[in-house]
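The structure appears below as structure tokens.
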Amino acid sequence: MTVTARAMGEVIDRIDGPDKVRGVARYAFEQPLDHPAYLYPVQSTIARGRIIGIDCRSASSTPGVLMVLNQYNAPRTNIPAGQGELNILQSDRVAFRNQFVAGVIAETSEIARHAASLVRLEYQEEPHDVELHGDRDDFWVPSAASAQFPMELDKGDVDAVLTSAPVRLDRVYTTARQYHNPLEPHTTAALWSEDGLTLYVSTQGVSGIRDVVTALFGLDPGRVRVVSSNVGGAFGSKVHANPDVVLTLLAARMVPNRPVKFALTRQQMFSQAGYRPPTVQRLQIGAERDGRIMAFSHSSTSATSKLVEYAEHCTRPTATIYAAPNLRTRQLVTSLDVPTPCIMRAPGDCPGMFAIECAMDELAVECGIDPIELRIRNEPEIHPASGLPFSSRNLIGCLQEGAQRFDWEHRDPKPRARNELGWLVGTGVAASTYHALQQSGSMATIRADPDGRYTVLIAAADMGTGTWTALTQVAADALGVPVGSVDLRIGDTAYPNASSAGGSSGIASWGAVICEAAGQLRDRLGRGGSIPRQGLEVTARMPENRYASQYALHSFGAQFAEVRVNAETGEVRVPRLLGVFAAGRIVNPKTARSQLLGGMTMGLSMALHEEGVLDPRFGHVVNQDLATYHVSSNADVGDVEVHCLDEDDPYVNPMGTKGVGELGIVGTAAAIANAVYHATGVRIRDLPITLDKLVAW
Ligand code: MOS
């Protein structure tokens, strides 16, 4: 093979784009299944207690209703360890308001929905507890299983330094309850027949869904097929099976040979699809007058449900980002009678870096130092916790490149110095970081055919990020053939097992195993000459990255924001955002830019708009729709510029890539909050920055 492909680094339009634009790309709910039945759930109206009676008579006798599923007649399931939220219709306990407590299967979705409204439940209600306060006394340290990093870190004598340091800072920051809100809701279509179970589901990982389903129902993995061809966004909410998948399977079990379809409504997504839980974080910093950090303490609390222990691990980036000879992190969680939260775009790191980067801005003000210079002075030589060298670290490069592009040099550091016709103008900066993760366990098959075409099979998923395109480029590059010669097949458990699209690990993980398979194929072709008439197929296992234990693997970035705050009304506008990132080798500058730009836009949304408001009397989120839960729209987004530094990292994986799906949302909210301070002189430590917090000047 002598073709030079140069597929990596090329701008290539989305391979899946034309089909999506023409409306022929199939999503889970649109699978043309024969004569489907439809499911609609009944949700609890109490936040805590027991179901003591259920009256299904009126629903069951409605014409077109096939069955009303409830705790008495639903098939029994096993519950995989740590996944209590999948305990659907298995007991009389109610753990949060809007939990699934019954389901109607009917000929049409309209009939199912109407009949569901006729189901009557009787409860024995118990007092509920749904509010997170930092001063609760029932926090605990989450079990190690909930994350891959220490929940408590102690280096040096933090308390002694905090009380004696020349500059001391002690602040509390809070972030709001935020929802993923992908365009495509969570959807499932299931067919249970003699041949086994076929499942079309909108997911970030088909192999993971298959594993949960086989465990729940005690099935042979060979009899379960999960297909997820196209996914209309996820942001973490579709990385695991959710209750809607289980409810669909219970229904499909009851109507064998009949497909069952279920799509959550937008309102239902606010209780069934996870969310980023609110956090309360305390930052204490002791520093020299020149800004050098002497001691850094970060404690974070969040709340989970009574069903699953999920901790929003805000203290994960703390040990990575700045040099601190004395360092302490504390991660705490409590449980409430609320829906189960889950990972959401840069879980932990995103709200954590909001607090850290606002505190750094406050420290810069205290010390009278430029915030970029402050960060440069606190750049670590090696990873402050593990002591490992960084495989590559270009935070300073990002800050300096960004400063130049943003004309930081001419910024007047004085707050409230610019008033342009009633609008106070300010600028702010914050750092970004995310771990460069690789998940193990994936496999891939590559088939070469004598006509020069290559088929790559792997049960990966494209949740809308551009995986189809970027992974095709990785494969073409590894094979040394043009992109047009590669047919990538993903999103189906019929292909070799693969890790999920989570933790920005997709390309790094699936790409590594594809490179391995391509290498083996090229070796065999190299030895044997041309491709045999019957073709040649190679299946490889994901190789282990031996550098993962020798280097600290992270991506970095710097974000700059310009804000305009109306001096009378407190209205905040963000005319300009700039993100400069160092994320290893960029596979496709177009799709990578889209990911980073999307992350920054979501960060803007987090800074100014997103907040699920919980009614403590009932325990549900009242603004459970897109009319009242405000997500930034086009009118809210100004110029967003994304720039990636060239970064050559031979240690992260064979491609030298770092994930870009999550990095972009880390730091945006802090850059905006810091710009709001610069514009107004008012420090807002509680997200979102709504105008009511700014009008009381
Ligand atoms: Mo991402 S929140 O790990 O899907």
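All ligand and atom numbering here is 1-based and tracks the order in the structure.
Classification of Asp625 and Arg266 as a salt-bridged pair fails, no side-chain N sitting under 4.0 Å from a carboxylate O.
Partners of Glu131 according to the side chain to side chain contact (heavy atoms under 4.5 Å, CB included) rule, which considers only residues two or more places apart in sequence or in another chain, are His133, Pro616.
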Pair Asn588-Gln473, side chain to side chain donor-acceptor pair (under 3.5 Å): steps then yes or no:
CA-CA 8 Å; Asn588 181 332; Gln473 290 175 254; 2.8 Å; yes

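No donor-acceptor pair under 3.5 Å is formed between the side chain of Trp510 and the backbone N or O of Ala459.
Environment of CZ in Arg541: sparse, with no more than 12 heavy atoms of neighbouring residues, nucleotides or ligands closer than 6.0 Å.
Side-chain atoms of Ser271 and Gln99, non-hydrogen and from C-beta on, never get closer than 4.5 Å to each other.
Closer than 4.0 angstrom to ligand 1 lie heavy atoms from Gln204, Phe235, Gly236, Ile343, Met344, Arg345, Pro347, Ala501, Gly502, Gly503, Glu662.
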